[in-house]
J.: 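Submitted below is the structure of interest, expressed as structure tokens.
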Amino acid sequence: MLNVGITGNIGSGKSWICRIFEAMGIPVFYGDQEAKALYYDSEIKQQVIAVFGSDVYDKDGNLDRKKMASIVFSDPKALFQINSIIHPALNKRYEEWMLQHQDKDYVLHESAIIFEHGLEKTMDFVINVSAPKLLRLKRVMDRDGLTEEEVKSRMKNQWTDEVKNEMANFVLINDGDDAVIDQVRLINKQLIEKNKLQ
Amino acid sequence: MAKESSKKKVNHEELKRRKDHFTFFICLLIAALAWLLIKLSDDYTVSYPLKVLYAHVPADQILETPEDSVVTVGFKTDGYNLLDLMMTGRLKTMKVDLSHVKKEPLGNDNYRISTLNLKENVAAQLDVNEGVLNFSSSYLFIQFKTLEKKEVPVALELQLQFKSQFGLYTSKISPAMVQIYGTKEMLDSIQSIKTVPIVMNNLDSDQKVEVSLVNPYPEKIRIEPEKIKVDLDVEKYTEFSIKVPVDVSQISPAIKTFPTEITVYYNMFLKDYKDLTPDQFKVVPDIKNLKLKDVKFLNLRLEDKPADAHNARLDPVSVEFIILN
């Protein structure tokens, strides 16, 4: 079974593409969602509080994402520390999840930061979902109700599509004009063939 | 010196000659004016052909008499009145009001009108005494044709432009139905009568207008009434949006669309405002005359929506899909 990563910048539509793969019977591990959920795992929560203090969670026990982001994005050491807590746990979850899908030709691991975190080294192939910057900007503004400046600020922290396309094994264009299902079908067919050749 | 004196003498003679000419022309003008006034004071006996115009033909009838029927009217009047009649164009037509004048039936929808009965009106039109008026014929002959009647709705033609976020809430036509008269063949070809276009810009309040109806065959049909009243209720609206799932339940073989739900934008007048829910809308792929295997995209159609949601539009207007095994 192949371990395939699927990534893409904010607003590229990677979650939508994953839904198409799912409809075609391919299991998808939503890494970013799983990582967010890990902050509420009792063991992880204790580790986070031990490093960053209890006030990163509010009185109801919810993670204060803004506070956490301000800490980790302003201090590289803090970023390293949180990654050291979350990533091993996330990898463990992913491995457990993969065991449930051994019968499949491949599984997909969806994450926005595969290349940024060097996760591609642990994967057999990576698909990058690419879309024009202006279209991504509009999609996120419509979807999340953010201002143009807020979206641009988030985009600034991500690598460009050009770099990611260069690094990816497959590039899926989701520009609103090209039919994406045909591209998904083609990638699906190639991955199944590659798995058979293994 | 002698030369200069001679020159002055010539100029003096020239001035005198000009003065004599001027006096002569003034006298001539006064004489001509006096002659004209004397002539205008004289009485003249004249006769003029007047075109007969029939007014107020009964709604359910049409006049078969040729349009160019003419009657010659003779009368005596002074020059002043004659000049006035010529200058004001009152010597061209003679109006006959069919709703007031006495018509003598001759059978088969034929009638005759005694010109004696027209004397009073024509004398008033020409500003002469009835006694000095005579007609070239004693009677005018007319023939009616009785028409079929049909009631048809009025179709409002609107060319309205509104201020931002204003729109037409309702329009009320009074009367909403009008009678049309004509031959059966004509009436059969008419299902409604249009108004002349109501053109208004920058609307942000209610409007009341009276508008004429367009007669598609003015020579062959008659419309009663010829004008109607229109009340336009202009209201403010706001745009809303709602996420609605694409309904593929009726499609075989089963498919899954991407995305599975889309956004419906619609306008709602503030006076109708209420919360709408996705189940009040129905968005379906338009698969008429399509083979699913031959297409990549399916156009979407809004099959159902609440009556209060206006100008609905879909985003996106088409979706991709996969056929489920």
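The structure presented is a predicted model; accordingly, all values stated were derived computationally and were not measured. The analysis underlying the following values was restricted to heavy atoms, covering all of them including side chains, and did not include hydrogens, waters or symmetry mates. Naming convention: chains lettered A, B, ... in sequence-line order (proteins, then strands); numbering from 1 in each chain.
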J.: More than 12 heavy atoms of other residues, nucleotides or ligands under 6.0 Å from CD of B/E226: yes or no?
T.: no

J.: Would you indicate whether A/H117, at its atom NE2, is surrounded by more than 12 heavy atoms from other residues, nucleotides or ligands within a distance under 6.0 Å?
T.: yes

J.: Of all heavy-atom pairs between A/R185 and B/I322, which one has the smallest distance, and what is that distance?
T.: NH2-CG2, 3.8 Å

J.: Taking all atoms of both residues into account, what is the closest heavy-atom pair of B/K296 and A/A179, and its distance?
T.: CD-CB, 3.8 Å

J.: Answer yes or no: does atom NZ of B/K271 have more than 12 heavy-atom neighbours from other residues, nucleotides or ligands under 6.0 Å?
T.: yes

J.: At a 4.5 Å cut-off on heavy atoms, which part of A/V184 comes close to chain B: side chain, backbone, both, or neither?
T.: neither

J.: Are the side chains of B/F258 and A/I181 in touch, meaning some heavy atoms are under 4.5 Å apart?
T.: yes

J.: Roughly how far apart are A/I20 CD1 and B/T257 OG1, rounded to 0.5 Å?
T.: 10.0 Å

J.: If you count the non-hydrogen atoms of other residues, nucleotides and ligands that lie under 6.0 Å from CD in A/E43, is the total more than 12?
T.: no

J.: Should the heavy atoms of other residues, nucleotides or ligands under 6.0 Å from CD of A/E166 be counted, would the total exceed 12?
T.: no

